[in-house]
Amino acid sequence: MLGDDAELTAAVRAAQDGDETAFRTVYRAVHPRLLGYVRTLVGEPDAEDVTSEAWLQIARDLDRFEGDADRFRGWAARIARNRALDHIRMRGRRPAIGGDETELTGKPAESDTAGEAMESLSTSSTMSLIAQLPQDQAEAVVLRVVVGLDAKSAADTLGKRPGAVRTAAHRGLKRLAELLGTDPQKNGILDAVPPPREPHTSAVTSAGVTHSRTRTQKDM
């Protein structure tokens with residue numbers, strides 16, 4: 001484990017021990033991408049409120065979490081997804097994406113194809129195009145490319161097999177490239193996720209969430 005992941009893992013563990021400064025570090029590191037994911041589900045007007053609700057649950061349940069930075073991102077995304085789906089059920093529809101996505105432009109300094117794909121997905125116009133994808137593809141693209149989850153963590157979040165998530169992300173990125181009028185092979189967009197493989201035979205179930213102590217939004 002190197003770089004940002006090691007720092008996030010250390011911050012999560014310190015936050016679990018009650019370090020409020022470490023919790024704020026975790027919040028700043030994860031919140032922009034988590035907010036972007038929630039926007040793909042509920043749209044711009046409600047994304048901030050739904051993400052805030054997710055963070056309150058994350059804060060309550062943090063001392064029950066076990067794992068490293070990647071597992072934390074997946075765990076947080078799963079909580080955010082549950083809050084978003086509750087919100088959608090109350091409202092009764094899935095909205096189109098809109099609004100400013102500039103928060104998602106943060107990415108590793110080194111240039112690589114996955115990073116370049118993330119950059120291309122970090123504009124308002126491109127994020128709006130994600131709303132035109134089938135929901136399984138939209139969620140897979142955002143979880144893999146924007147949130148940065150591996151296939152297993154994304155599958156845990158969605159309650160699907162890793163192979164199904166890889167396939168959905170690959171198809172979604174290919175369709176986005178077509179909508180953007182670019183060559184997905186030439187500009188490296190499809191390199192953001194590995195090619196789809198045959199799905200595993202065992203199903204993946206989402207983890208449950210318990211309740212513990214409470215932090216307030218101002219602590220984040």
Side-chain angles (χ1 to χ4, degrees), residues 30-48 50-51 53-55 57-58 70-99 101 103-104 114 117-118 120-180 184 189-190 192-197 199-200 203-207 209:
V30 177
H31 176 72
R33 294 164 192 252
L34 202 64
L35 177 61
Y37 176 45
V38 172
R39 280 187 177 130
T40 69
L41 296 170
V42 304
E44 175 64 27
D46 302 321
E48 290 278 2
V50 172
T51 308
E53 291 174 8
W55 274 108
Q57 184 171 347
I58 290 166
D70 190 64
R71 286 181 64 84
F72 179 81
R73 283 189 291 263
W75 180 72
R78 189 156 58 252
I79 290 173
R81 184 175 193 267
N82 288 339
R83 298 288 69 75
L85 294 180
D86 288 345
H87 182 81
I88 291 169
R89 279 191 288 269
M90 290 178 61
R91 190 173 51 192
R93 66 185 180 88
R94 180 191 175 208
I97 299 169
E101 297 296 332
E103 298 96 333
L104 302 181
M118 184 188 300
S120 75
L121 292 177
S122 299
T123 64
S124 177
S125 58
T126 307
M127 291 296 289
S128 295
L129 291 176
I130 294 178
Q132 300 180 30
L133 300 175
Q135 186 168 353
D136 65 328
Q137 294 181 17
E139 288 195 71
V141 167
V142 175
L143 287 174
R144 294 298 314 275
V145 181
V146 177
V147 180
L149 302 185
D150 61 20
K152 184 180 185 304
S153 295
D156 287 344
T157 300
L158 298 173
K160 296 182 177 180
R161 297 182 179 88
V165 173
R166 291 190 192 96
T167 298
H170 190 82
R171 290 174 178 170
L173 287 171
K174 185 174 181 180
R175 177 57 182 155
L176 280 176
E178 293 170 354
L179 292 171
L180 288 165
I189 285 179
L190 291 183
V193 297
R197 302 190 303 221
H200 298 299
V204 179
T205 58
S206 58
V209 178

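None of these values were measured; they are calculated from a predicted model.
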* To do: Go through the structure and list residues passing side-chain contact (heavy atoms from CB on, under 4.5 Å) with Asp136, not counting sequence neighbours.
  => Pro134, Lys160, Ala168

* To do: Quick one: list whatever passes side-chain contact (heavy atoms from CB on, under 4.5 Å) with Ala47, sequence neighbours left out.
  => Leu35, Val38, Arg39, Val42

Taking all non-hydrogen atoms of both residues into account, name the closest pair between [X] and [Y] and its distance.
X: Leu41; Y: Ile88; value: O-CD1, 3.2 Å
X: Leu143; Y: Ala77; value: CD2-CB, 3.9 Å
X: Ile58; Y: Ala76; value: CD1-CB, 3.7 Å
X: Arg144; Y: Ala154; value: CD-CB, 3.9 Å
X: Tyr37; Y: Leu158; value: OH-CD2, 3.8 Å
X: Lys152; Y: Pro162; value: CA-CG, 4.1 Å

* What residues form a side chain to side chain donor-acceptor pair (under 3.5 Å) with Arg175, not counting sequence neighbours? -> Glu178

* To do: Applying side-chain hydrogen bond (donor to acceptor under 3.5 Å, both in side chains), run through Asp150 and Ser153 and close with a yes or a no.
  => CA-CA 5 Å; Asp150 61 20; Ser153 295; 3.0 Å; yes

Please round to the nearest 0.5 Å and tell me the distance separating atom [atom1] of [X] and atom [atom2] of [Y].
X: Glu48; Y: Thr51; atom1: CD; atom2: OG1; result: 6.5 Å
X: Arg81; Y: Thr40; atom1: CZ; atom2: OG1; result: 9.5 Å
X: Leu176; Y: Leu133; atom1: CG; atom2: CG; result: 4.5 Å
X: Gln57; Y: Glu53; atom1: CD; atom2: CD; result: 9.5 Å

* **Chi angles and distances behind the side chain to side chain contact (heavy atoms under 4.5 Å, CB included) call for Asp86, Met90** => CA-CA 6 Å; Asp86 288 345; Met90 290 178 61; 5.6 Å; no

* Hey, are the side chains of Asp156 and Trp75 touching, using non-hydrogen atoms and a 4.5 Å cut-off? -> no

* Sub-4.5 Å side-chain heavy-atom contact between Leu149 and Thr157 -> yes

* Hey, is CZ on Arg83 packed in by over 12 heavy atoms from elsewhere, all under 6.0 Å? -> yes

